[in-house]
Amino acid sequence: MPRGSGTGPELLTLSYGMAVSDGESLAPGGAVDIEAVEGYEEILRRGDARLREAAAEGREGVGWLNLPGRDIADVEETGKWIAGFDALVQVGIGGSALGNLMLHGALLPPYWNELPRSKRQGPRFYMSDNVDPADNRAIWNLIDPEQTVFTVISKSGSTAETMANFLFFWDRLKVDLGPKKAAEHVVVITDEEKGVLRPFADEIGCRRLVLPADVGGRFSVLSPVGLLSAVALGIPAAKLLDGAADMDRKLAERDTVLENPAWLLAALSVAHYRQGRNMTVLMPYEDALERFCEWFAQLWGESLGKNGTGSTPVRALGAIDQHSQIQLYTEGPDDKLFTVMTVADPSEEITIPETEEKALVSLSYLFGQSMNSLRRYEALSTAAAIAKSGKPVVSIEIPKLDERRLGAMIQFYEHVTALAGYLLDVNPFDQPGVEQGKNYTYGLMGRPNYSAQALEVTELAEKLSLREVSL
């Protein structure tokens, strides 16, 4: 059966509304009603069609739309090989790190590395993303090189942080195992034709997987970038792709803004941004989705923050941030669109036990209740409290947090982000601001042909240091 052809239960439910008092919106100056959202329908229809045309033509940046249908036999073969080792160290940053952590956080048991091998049935996982010597040395001291695989991911092979970290591990591997054996512990994921990692892999004879040229880093989680470690750790990659394909098919069938949840969320996000709500808060009530917020923050911020436009992604986690952020959210400035995310059928349950101590009698309302019910009521209460204060709230409910639904959610948010870029008239698939910072770093580190960048950043730094105060 082809991917995405099954029916199955719904993938998500999205709802939106503004609280009302005496027939009027509680935020009359900045309300976004259904009529306003429907005004985006025709431009969304054109944008969606252009996205699909660009993907079919293989245009740069739009290849994520095609990932659910791509053959992953090479990824599954390499992942099953890695599964026989004791540890996997991934070297990457940004889109080459956040997606992996999101998949693992959502689908693997908490505290994965702490579990005995019999319960893990897969290697321990370590991410080397930031250029922190303490972190890298700690990883090295925790692993046995002979029982570890290192994956290095960079489309260009020129990402300074990734390559600095990899050079450290590659040097240590060669010292401990010798160059020939060290190469047997390395997997390179990079562009098929460009960059330094492809010829490096050919030179040392290590395994290599292709990062599709038409897929950008922050949209790459359903490519070998995210799927390799998923397979190695026992996550069925095919089910992730099935869910993504199912979501894509369902979205393609909906051609009105009130029936297509991706169109609706893109329209709401942009409409509220244009009303002055320049932040978007994603607040799941599931610990397993905390890393989903991290992944979303890069996807949204890096895709849409251009030409003076874009809303700032804010990461929150229920119920933890009820005790740190809700005061601001309810009584602070009306500059945010909120999304509260819940899972209808969590994988675990605990019934809160009764106790006989008299000092705890005031807690009897909790006795016999389920923790999931408490969390569900807290999510509902948070959404209601925000709405009562006149702030806009979107609610998204996922029937169950499994591979299929997570794959669908990834495809959904990538689609929403791309369409929001179309509405804002920005290219969601480039990152010129990131490139400028990279170029400054190259210049300061002495990379050839970047001396002008070094001079420029030095001059700017001097202007930033006109006043200094030390203690």
Side-chain angles (χ1 to χ4, degrees), residues 12 14-16 30 32 34 36-55 59-65 95 98 215-221 244 247-248 251-252 254-283 292-315 335-339 341 392-396 408-434:
L12 63 83
L14 183 150
S15 57
Y16 164 77
V32 173
I34 296 302
V37 170
E38 287 182 312
Y40 287 97
E41 185 166 280
E42 188 52 42
I43 190 171
L44 282 165
R45 184 174 289 110
R46 293 197 303 269
D48 202 299
R50 289 187 183 181
L51 272 177
R52 296 183 183 280
E53 290 170 6
R59 292 186 201 169
E60 185 175 358
V62 198
W64 55 272
L65 265 172
L98 294 173
V215 177
R218 60 187 173 275
F219 288 85
S220 67
V221 63
M247 173 60 74
D248 185 61
L251 293 178
R254 307 287 183 91
D255 63 353
T256 69
V257 72
L258 298 184
E259 293 179 328
N260 187 314
W263 292 16
L264 179 57
L265 188 53
L268 286 169
S269 299
V270 173
H272 281 289
Y273 166 75
R274 288 174 173 160
Q275 290 281 10
R277 298 182 180 100
N278 61 355
M279 286 180 266
T280 182
V281 179
L282 181 59
M283 189 172 186
F292 189 90
C293 293
E294 301 275 348
W295 171 81
F296 164 75
Q298 185 203 11
L299 180 71
W300 192 259
E302 199 167 87
S303 297
L304 305 180
K306 292 156 193 173
N307 303 330
T309 65
S311 60
T312 301
V314 178
R315 297 159 285 184
D335 56 0
K336 304 172 190 69
L337 171 65
F338 299 90
T339 299
M341 187 180 291
V393 184
V394 173
S395 294
I396 292 180
M409 289 295 292
I410 291 167
Q411 196 76 7
F412 173 74
Y413 268 95
E414 288 178 341
H415 209 97
V416 171
T417 303
L419 290 175
Y422 187 78
L423 293 178
L424 291 169
D425 196 26
V426 300
N427 179 2
F429 307 119
D430 66 0
Q431 50 278 336
V434 176

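Every heavy atom of this structure was used, including side-chain atoms; hydrogens, water molecules and symmetry mates were not.
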Got a sec, which residues hit ring pair (Phe, Tyr, Trp, His ring centres under 6.0 Å) with Phe338, two or more places apart in sequence or on another chain?
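If we apply the ring pair (Phe, Tyr, Trp, His ring centres under 6.0 Å) test to Phe338, skipping adjacent residues, the hits are Tyr329.
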Does atom CD (Glu38) have a neighbourhood of more than 12 heavy atoms from anything else shown, all under 6.0 Å?
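Yes, because the 6.0 Å sphere around CD of Glu38 holds more than 12 heavy atoms from other groups.
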Can you confirm whether [X] sits close enough to [Y] that some side-chain heavy atom of one is under 4.5 Å from a side-chain heavy atom of the other?
| X | Y | result |
| --- | --- | --- |
| Met283 | Met341 | no |
| Val314 | Lys336 | no |
| Thr309 | Leu304 | no |
| Pro432 | Lys306 | yes |
| Leu424 | Tyr273 | yes |
| Ser269 | Leu423 | no |
| Trp64 | Ser220 | no |
| Thr312 | Asn278 | no |

Using the rule given for side chain to side chain contact (heavy atoms under 4.5 Å, CB included), can you reason through Asp248 versus Arg52, listing the C-alpha separation, both sets of side-chain angles and the distance that settles it, and then say yes or no?
CA-CA 10 Å; Asp248 185 61; Arg52 296 183 183 280; 3.0 Å; yes
Test log, rule side chain to side chain contact (heavy atoms under 4.5 Å, CB included), inputs Phe296 and Thr280
CA-CA 11 Å; Phe296 164 75; Thr280 182; 4.1 Å; yes
ring-ring contact (aromatic ring centres under 6.0 Å, His included) with Tyr413: which of Trp295, Phe219, Trp300, Phe292?
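Between Tyr413 and the candidates, ring-ring contact (aromatic ring centres under 6.0 Å, His included) is satisfied uniquely by Phe292.
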For [X] versus [Y], what's the shortest heavy-atom pair and its separation?
| X | Y | result |
| --- | --- | --- |
| Phe412 | Ala262 | CE1-N, 3.3 Å |
| Val62 | Ala54 | CG2-CB, 3.9 Å |
| Leu419 | Trp263 | CD1-CD1, 3.5 Å |
| Glu414 | Arg218 | OE2-O, 4.3 Å |
| Phe429 | Ala418 | CZ-CB, 4.0 Å |
| Val270 | Tyr40 | CG1-OH, 4.1 Å |

Using 4.0 Å as the upper bound for N to carboxylate O, is an ion pair formed by Arg45 and Glu42?
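Salt bridge present between Glu42 and Arg45.
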For Arg254 and Glu259, indicate whether the former's side chain and the latter's backbone hold a donor-acceptor pair under 3.5 Å.
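Answer holds: yes.
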Quick check for you: to the nearest 0.5 Å, what is the distance between [X] atom [atom1] and [Y] atom [atom2]?
| X | Y | atom1 | atom2 | result |
| --- | --- | --- | --- | --- |
| Ser15 | Leu264 | OG | CG | 9.5 Å |
| Glu302 | Asp430 | CD | CG | 9.5 Å |
| Leu337 | Met279 | CG | CE | 11.5 Å |
| Leu299 | Thr417 | CG | OG1 | 3.5 Å |

Stepwise, does the side chain to side chain contact (heavy atoms under 4.5 Å, CB included) test hold for Met247 with Ile410?
CA-CA 9 Å; Met247 173 60 74; Ile410 291 167; over 6 Å; no
Determine whether the side chains of Asp48 and His415 contain a donor N or O and an acceptor N or O closer than 3.5 Å.
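Their side chains do contain a donor-acceptor pair, which is all the 3.5 Å distance test asks for.
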Begin with the C-alpha distance, continue with both residues' side-chain angles, and end with the deciding distance and a verdict on side chain to side chain contact (heavy atoms under 4.5 Å, CB included) for Thr339 and Val281.
CA-CA 6 Å; Thr339 299; Val281 179; over 6 Å; no
Can you list everything that forms a side-chain contact (heavy atoms from CB on, under 4.5 Å) with Ala36? Sequence neighbours excluded, please.
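Partners of Ala36 by the side-chain contact (heavy atoms from CB on, under 4.5 Å) criterion, ordered by chain and then number, come out as Val32, Asp33.
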